[in-house]
Structure formats: structure tokens, C-alpha cells
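Worksheet for the structure shown next.
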Amino acid sequence: MRRNPEHHGVFFPIGSIHRFPLFFFIILIIAAQIKQSTSFGHLLSCSYRQPRIFAKNNLHFSFVNHHYNTIRTTDNITQPPLNYKKTKTIHKPNNERPRITISPEQVEEQLKVALAALQQTSRGEDEAKLRPFPSVRDCNAALAAFGDAGDLLRALRLFGKMRKAAAYGGTMVPTPTLVTYSTLMSRAIKFSKPLVALRLWDLMIQKRSPGAIPMEDIDVRAANIRMNCFAKLADVPKAQNLLQQMITGDGPDVPRLPPNIVTYNTLLHACQRAGDLDAALAVVRHMHHCRPDTRTYTSLMATVARQKSASAGRNDPSLAFVLLDEMKSRGIRPNGITYSALIDACGRCRRPDLALRGLRIMLMQKAQEAESLSKMKGNQNSNKAIYTLPDEVGAWTAAINACGKAGRIQTALRLFRAMPGFGVMPNTITCGSLTDSLLRAGATAETLDVLRYMKKNGIVPSEVMYTSLMTRAERLAKMERDGKSFSMAAQAHVVALDSQPFEDQPIGDARAIDVYTELIKSLVEGGRRSKDYSPGNNTLLAETTTARGDDVLVKVFLVFQEMKTAGTMPDLACYNALLRACARAGDLDHANDVLRQMLAADLCPNDTSWRQLLQAAAQQKNSERALQAWKQGVEYSKERKRKRPFKDEPNVLTWKPSSSSLAALLSALLAEAKEPSISSEKRIALYRKVVELYDKVLLGDEKMGFDRLDLNDVLENQRVVILFIRGMLGLSDFEDDPVRLESQRLAVRSILELECLNQRDETYRLPWVVRETLNKAVAFSRAKAPVHAKTKEC
DNA sequence: ATAGGGTTAG
């Protein structure tokens, strides 16, 4: 696709993209960036504990390497072949008559009719009514088609009919085959429903179920699909167990199936999802007969530095660079995704300098390959297209993200503007990552630029971006309230450029993006010129201006509304962002409304969702509704349990409240208790409730769902513990009974001994309020006489 | 042309 040269005026001010000097110029820029960084030398001097994890395998693979097709460049560096495209077995156009294609819908209809007819005849009706069934192949193709379209339910319904038909038996019936199950399971995984895939597996091997597959018929591909389920679930033990079963053949799930490179790569993917580098390295050590490929190394690199704590090398991306060198030396060619994983590992370690180093290495590889390619082609210089690696955009995106999230937004922007000059166009993720970084840094003018770029290039914002916009919108408003205002001059400039009429633009996504533009603009200007929209331009905005102009919540809802209008399905994170906005505003009614919408959309609220409800109540200082929300959360899961059998329930079937959620509940109670307007009876009742909850938490009270709390987690949560202490201290002020007072004293004393209150950390000082509470608590716990006098003394 | 694996934004 050709790009409009006009764009360069806004986004690529450096110049025309096809000129070679630009290429050079960018390299210089990036080189300068890297040189600037003081910590650059660190990597070279640093060697990882296991610098050559493949050492054992190298001996073996030297034979393989011998046959590996390589190109020698002038630099005497071994290069992999440039024609990287998978050599696929090409089916020669056979002489047989072409099969008549039948659409998935037709298959569906034909199967329905044939099944109905079969059911009728089996009840003793006329056999002449029988209709022909579609072939298994056609059914499988239809399943694949529905699955690819994301309509899993439709595919599953079709599959159900196949099973029903199979129950009647007969040769003309499309009985599910291994391919049927494989097709369905792969589609379920593709749409992140690994649990559905696993249930299909159970159905597949269930004896006496119609269309079951005998265990010995299961092949490596099917086993790999099962492995992929565990990968998506980040379940390393189960994945390892499956591998073991495949090797030994004595397990309950699969027959003996020699694992292949796909099996190992999928297992490595499981390790990546779990962030378990040690497990990943162990897998590689046990890959005997399989030569690792690009994907092997890519997964490994993506596992580096995923966990924040634990053993050595965890916060250090150097292993990823070691792996890169190693794969190159073995003639395995890194691609854009490999570099993306490498660069992202640097980003995770907060090392934008190393991320840029990774990008530069990629550019060097690119230049080398381009050169050898042009030499191969000889003097055919007509090819104007810029040479790129496959999937290069991911590497740029990761680099932009690494810089942006580290606060180096100027560098991030420079990379963004430079990429087209390297023949790589930004995508939704590139733009979404960048705008999130920009908004985080308060750079609204630049954000608008990116939004305009997206509009011009037809890049549709994803649900991730909407969530980011909603989340950041609040932060921007907060910054505005705090007086950390943005450069209004810059704003005026951009806004002037952008004020084109809507009328002559196509309706659809392009129009939607204008609203976001206006939205951000209105956020920045919010409060100052609150009712300055011209109603003719946009009815949606005009309607909402009847609300208070500086109402952040309205704006967040507006983004949400716009997202739905644009046809993007909000996901759990979107709803949670919305709930968060409600919580901040203390708008419990809207929060409940959002919750209803979530449930209507068949999304399962998670801990964050429930916590937002609690926090909304806390913000309102409304203990009643906080307790009500808690109970609602605890009881919700019960309804969920017996729902449709083929819906993939999210990871949590029941709400497992986190300690932070408990903190939200407690702070709602204590917030109301502190209200001066309430009666002292009410106050006592509230403090008593907190103390009562403490006991119930310790006992794991089932009615409150406290049995699902992780007690260790609760007692390690400083905030929770402090809140409990506050409740006890509050109650002690009203307590006259010496026996009960003494037991409270005991409780406070035992809490004070908890580790989370006794950390001797020089770098972290407790907030003043916390220290004050602690001082009071210490005084109370030591006091023998009535507390009132003592505390007032202090 | 009916089935398998890698990366990046909230």
C-alpha cells in the first residue's frame, strides 16, 4: 500500500522515506541514543550463569548444521537463507474433477434436515423420508469456518448435531473424527477458551460417547493441541506431565507419541506464560532429538525477566542477548518476533537503552540481509521496496513501548516517526502502546497527533486502547485539578490543524476517532470552557454537555459509549476501567449499573470488579452498601456455577477476594464511622462490626466468604492490618467492660507482632497516619488502666 | 484447503 506523502508533514518531518541517507541518519540517531546511555557497557561485562545452555546439544547438532542451507556474506558471517518462507508441500492441480464446494451455512442446513429426518424414521416413520448427510470433511470445514469467524457456539452446535447423528450409527452419518475434535479444539484455544478445548478433549476420549476416538488413534498434532491448552492456562506442571506421558506412553491422556519441535515449543510457551525461566531452560536441556528453531529461541527470550523476584538473572535481560548470539551462531535466523521478545525483555527490566541496542542489532541484520539479497539479484535494481524482516513491526512496537513506559517519550516518538522510513508501518498495538505512554506522561498534543495518524491510516482502536483512554482520562483530569496543566499553546495549535468539518468524511471508524480527539481536547480544557462545543458537529457531545463539563465520569462513559458505537466489544478490563471511574467518583449507582451491563454481556466480574464496587461505597462512606456489595460478590458465583455447559468460565469460578478487597470493605466501614454526623450508637456498631469481621476472617467464616481469603495474604497486608487496629481502637474508646477491654488489648498486641508492621526497612518510612495509629495501638496494648486518660496523655 | 508452536499496547 502506498502512503500519502502528505503525512510526512505531520508525522515524518525528517523527509521522504525512500531516500537512503535517511536510513543512515536514523541509525545515527539511534546510535547516539545508545551512546548517551551510561549503562551501555554493563551488558558486555556481564555474563549469565549459564551462558551456553545449548552446549550439550551443540555436538549433536553439528551434523545437522552441515546440511543446513546457508549463505556466506562478504563479512564471512554465516547467514541463513533469505527465502525464509516455509516450504509447503504444494498440491499440484490435480486432474480430478473439482469438488463441489458447499458453504458452511449449507452444511449446517443439510445436517439439520438430515438429522431431523433420521430422528423421524427411527421413531418408525417412513424410511423414504431420509435425507443425505453432508460428508465429514464438509462438516469439519464448516466447523473450521464458524470457528475462524469467532462463532464458537455455532460450531459447537453443529458438532452437537454430528454427535447426535453418530448416536444412530450408520455409515452415511458424519461421525466426528480426530480432525473434527482437533479443528474445534484449536478454534476454542484461538479464541482463548482453553477450558472449552479441554472439555472437548474429555468428550473425545470418553468411551461409549457417540463418536469417541480410541486412545491409540490420537496423534501428535492432537497432543500438541492439548499441550497448547496448558500453555494458554500457564499450567507448567500439567504441560510437563503431558510431555512425560507422550514419552513414556503410560499416562491416562495420550498414547506414546514421540514429541516433536512443536511439542517442545508449546511447552516452552507454557513456561513463558507462567514466567518460569528455570522450567524453560530445563525443557531446552531435555530436547534431545529436536533441533531448536526460531520459535524456540523466541519463546525462551520472552521468558527472560518475566518474574520480578527469585533467583539470579531475573531482572537482567542479558540472557536474551546471549540467546540471540547463540541462535545466530547456529544458523537460526531471528525474525521480527524474536527481536520483539528480546526488546520487550529489556523493557521489562526498565532498560530502554538495551531495548534500543536490540533494535540496532536488528537493523544491522536487516542491512546485511538486504545487501546479500541485492548481490544475489545482481544488477536488477528496479525493486524499490524497502527490505524488511518478517513481523518487524512488533520489534519497533516493543522498542517504542520500552522507551515510552520508561518515560523517554521523545525517543519513543522518534522511533514511531522513523519506522515508515524503514519500510515498517505502525499498527494498532504500536499506536495504542504509544498513546498510553504519552497520556501517562501527560503529553496530550502528541497523543492527538497519534490519534490523527490512526484516523488517516484507517487504524481502528482496539478495546485495549479504549481502556487506556478511559484509565488515563482520569489521570489527566486529576493532573488538571492539581494544577499540573499542560501546554495550552501547543494544544491550540494542534486543535486548529484538526478542526475540519465532519460532513465530508465517511461515517464509521474514521468519524469515531474524531470524537476521541474531541474528547481528549475537552478533557484538557475541561472546567475552563465547559460548554464550548458546537452542537452541529456532534450530537453525542452536545447531549453530554448538559451534564457538568468537568465531570470526568461523564467523559469516561462517553469513551465507553463511543467504543460500543464503533462496534468494539468491551471486555472485562474495559468494564473494570469504567467501574474504577465510578469508584473514584463515589458513584455507586452507576457502578451497579455497569455491573449489570457486565453480567448482561456474560462477563464474569473478577476481584478488581468487586473491589471497585467496594471502593465506590467507601468513597460514599456507606457501610451498608459496602457490605451489600461484598455479599453480592460472594453470592454471585453460586449462580454462575450451573450455567450453560459449553461456556468457558473465566479462571475464577467463584470470587476469591483479595486482601485489598477486604481492605476496601473495612475502609468503607471505618469511613462512615468517622463521620461526625452519625449517632454514637451507630459509630459503636460500626467499630464493633470491624472487630467482628476480624474474628470472622480468622475463623474463615463461610457465610461472608472469608474461607476463600488467603489468611497469610491478609495478615501480610499492612493496610488491612492497620484498618483492623483502627476498628479495635475505635471500639475501645466506648468499651467499659474490663474483660472485653482486656481481650481487645490482647488482640491488638498480637496484631502488632505481625511481620508486616515490624519490617526494619531503612528505605521505606511508614506514612504519618499509619505511624500515629501504631503509636496509639502500642499505647493501648500496654495500658492497664482505662485507655482514655493514657491516650490523651500521649 | 480438515488438525499443531513464537512477540508487542489497557
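In the text below, chain A, chain B and the rest are named by the order of the sequence lines, each starting its count at 1.
Among the protein residues, A:Ala573 comes within range of the nucleic acid bases, having at least one heavy atom under 4.0 Å from a base atom. A:Thr428 comes within 4.0 angstrom of a base, heavy atoms only. The residue A:Ile261 sits close to a base: some heavy atom pair falls under 4.0 Å. A:Ala144 comes within 4.0 angstrom of nothing in the nucleic acid, heavy atoms only. Residue A:Asn427 is out of contact with every strand shown, counting any heavy-atom pair closer than 4.0 Å. Within 4.0 Å (heavy atoms only), A:Asn576 reaches no atom of the nucleic acid at all. Within 4.0 Å of A:Cys431, counting heavy atoms only, lies no atom of the nucleic acid at all. The residue A:Thr430 sits apart from the nucleic acid: no heavy atom pair falls under 4.0 Å.
Remark: A:Arg330 fails to qualify as a cation-pi partner of A:Tyr297 under the 6.0 Å distance and 45° angle criteria applied to the six-membered ring.
Side-chain atoms of A:Thr298 lie closest to B:dG6 of the nucleotides B:dG4, B:dG6, B:dA9. Checked against B:dA3, B:dT8, B:dG6, the side chain of A:Asn401 finds its nearest nucleotide in B:dT8. Considering only side-chain atoms of A:Lys405, the nucleotide from B:dA3, B:dA9, B:dT8 that sits closest is B:dA9. Proximity note for A:Ser468 (side chain, C-beta onward) versus B:dG10, B:dA3, B:dG6: the nearest is B:dG10. For A:Arg348, the listed nucleotide lying nearest its side chain is B:dT8; candidates were B:dT8, B:dG6, B:dG10. Ranking B:dT8, B:dG10, B:dG4 by closeness to the A:Val262 side chain, first place goes to B:dG4. Of all nucleotides listed (B:dG6, B:dA3, B:dA9), B:dA3 comes nearest to the side chain of A:Arg221. Distances from the side chain of A:Ile429 to the nucleotides B:dT8, B:dA3, B:dG6 place B:dT8 closest. Distance from the side chain of A:Thr338 is smallest to B:dG6 among B:dG4, B:dG6, B:dA9. When distances run from any side-chain atom of A:Thr467 to the nucleotides B:dG10, B:dA9, B:dG6, the shortest one goes to B:dG10.
For A:Asp571, there are no salt bridge (Lys or Arg N to Asp or Glu O under 4.0 Å) partners, not counting sequence neighbours. Under the rule for a salt bridge (Lys or Arg N to Asp or Glu O under 4.0 Å), A:Arg273 has no partner lying at least two apart in sequence or in another chain.
One finds no side-chain N or O of A:Lys190 lying less than 4.0 angstrom from the OP1 or OP2 phosphate oxygen of B:dA3.
Between the side chain of A:Arg226 and the backbone N or O of A:Ala222 there is no donor-acceptor pair closer than 3.5 Å. A donor-acceptor contact shorter than 3.5 Å links the side chain of A:Asn427 to the backbone of A:Thr430. Although no hydrogens or angles enter the test, the distance criterion places a donor-acceptor pair under 3.5 Å between the side chain of A:Thr294 and the main chain of A:Arg333.
In terms of polar N and O atoms assigned as donor or acceptor, the side chain of A:Ser462 comes within less than 3.5 Å of the base of B:dA9 in a complementary pairing.
Here B:dT8 presents its C1' atom at 10 Å from CD1 of A:Ile400, a figure rounded to the nearest Å. In this structure, the OH atom of A:Tyr453 is 19 Å from the P atom of B:dA9, given to the nearest Å.
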